[in-house]
Number of protein chains: 2
Amino acid sequence: MVADPLSRVFSALADPTRRDMVARLAIGDATVSELAAPFDVSLQAVSKHLKVLEDAGLVSRSRDAQRRPVHLEAEVFDLMTKWIERYRRRAEARYRRLDDVLRSMPEESAPPPPPEGTAS
Amino acid sequence: MVADPLSRVFSALADPTRRDMVARLAIGDATVSELAAPFDVSLQAVSKHLKVLEDAGLVSRSRDAQRRPVHLEAEVFDLMTKWIERYRRRAEARYRRLDDVLRSMPEESAPPPPPEGTAS
DNA sequence: CGATTGGTCAACCGCTGGGTTGAATACGGC
DNA sequence: GCCGTATTCAACCCAGCGGTTGACCAATCG
């Protein structure tokens with residue numbers, strides 16, 4: 001899995017089980033078994049999910065005797081938030097602009113608008 | 001593809017090509033061919049990508065003669081943003097709390113903390 | 001030391017995702 | 001009505017994902 005960071009984060013969170021794990025980890029660190037408990041899957045499956053989350057930078061794992069406590073890393077969320085906010089704002093701005101245009105020229109809507117239609 | 005909305009949105013954006021398309025659409029609506037131009041894939045592949053984005057509620061498609069202009073829908077972004085913000089805030093709050101704890105009791109860190117380790 | 005607990009590695013399996021090509025559909029122009 | 005343009009549908013291919021089981025490490029307990 002050698003994808004770009006953003007793809008890794010998004011695809012890590014595209015799985016509901018992994019999102020649930022993140023939700024659980026937001027409350028506090030947990031061991032693999034603790035994380036596995038609520039889910040009806042093998043420990044190995046959970047281990048795989050954790051690897052995905054770790055590769056995405058969403059969690060980190062340390063060591064405590066036999067246990068491997070999992071810790072949620074909040075910073076990576078920013079990567080997503082920034083990307084999302086960027087395009088959302090642009091889209092919303094466009095929407096408001098269009099709104100203005102429609103208000104200022106209400107007759108230009110039904111018939112074929114002049115020539116070309118590529119630019120904006 | 002009958003997954004929950006959040007999974008659909010995250011997994012739609014897990015693909016770099018689709019993110020690029022969203023970026024392009026943030027500038028303004030575009031036809032399928034226009035969207036396809038920058039990418040080195042077939043028109044059919046682009047059509048599939050658009051279907052994924054549409055199923056996720058990220059874009060909508062109308063009709064203009066033979067063309068099917070694609071429009072970015074900003075609202076769905078909120079779904080993600082809300083989810084992300086929720087857990088990020090919790091994780092950050094925990095982090096600050098831990099910080100406080102560590103500051104107030106600097107000796108309790110290295111040796112095995114009392115018994116049990118499940119709760120928090 | 002051997003046994004137990006906690007977790008990972010490896011191989012495999014069925015399904016889906018992203019890509020292809022080729023045929024079909026939906027319009028507008030003539 | 002026919003042709004070209006814009007897009008989608010259908011079938012197929014291959015890689016990767018999420019799941020399994022079985023074997024394997026790591027560390028603590030007796």
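Letters go in sequence order (proteins before strands), and every chain restarts at 1. Reckoned from all heavy atoms, side chains included, excluding hydrogens, waters and symmetry mates.
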Rounded to whole Å, please give me the gap between CG in Asp55(B) and P in dT16(C).
15 Å

Test your reading of the model: is there a side-chain donor-acceptor pair from Arg68(B) to the backbone of Val70(B), 3.5 Å cut-off?
no

Whole angstroms only, please: what is the CG-P distance between Leu35(A) and dG6(C)?
14 Å

Salt-bridged, Arg88(B) to Glu85(B), with N to O below 4.0 Å?
yes

side-chain hydrogen bond (donor to acceptor under 3.5 Å, both in side chains) filter on Arg61(A), not counting sequence neighbours, yields Glu54(A)

Pairing donors with acceptors under 3.5 angstrom, does anything connect the side chains of Ser7(B) and Asp4(B)?
yes

I need the CZ-P distance between Phe10(A) and dG17(C), as an integer number of Å.
18 Å

With nearest nucleotide decided by heavy atoms, which residue, Val32(B) or Asp64(A), maps closer to the 5′ end of DNA chain D?
Val32(B)

Expressed in angstrom and rounded to an integer, what is the separation of Leu50(B) atom CG from dT8(D) atom C1'?
11 Å

Phosphate-side-chain proximity, Arg61(B) and dT8(D), N/O vs OP1/OP2 below 4.0 Å:
yes

Nearest-Å distance for atom pair NZ/C1', residues Lys51(A) and dC17(D)
14 Å

For Phe10(B), what residues pass the ring pair (Phe, Tyr, Trp, His ring centres under 6.0 Å) criterion, not counting sequence neighbours?
Trp83(B)

Would you say Arg18(A) places a side-chain N or O within less than 4.0 Å of OP1 or OP2 belonging to dG18(D)?
yes

Assign a letter to each nucleotide of nucleotides 19-26 of chain C from its 5' end: B, base within under 4.0 Å of a protein heavy atom; S, sugar-phosphate only; -, no contact.
BBBB---S

Round to a whole Å and report the spacing from CZ of Arg67(B) to C1' of dC27(C).
10 Å

Return the value, rounded to whole Å, for the distance between atom CD of Glu34(A) and atom P of dT5(C).
16 Å

Are the side chain of Arg8(A) and the backbone of Ala3(A) linked by a donor-acceptor contact shorter than 3.5 Å?
yes

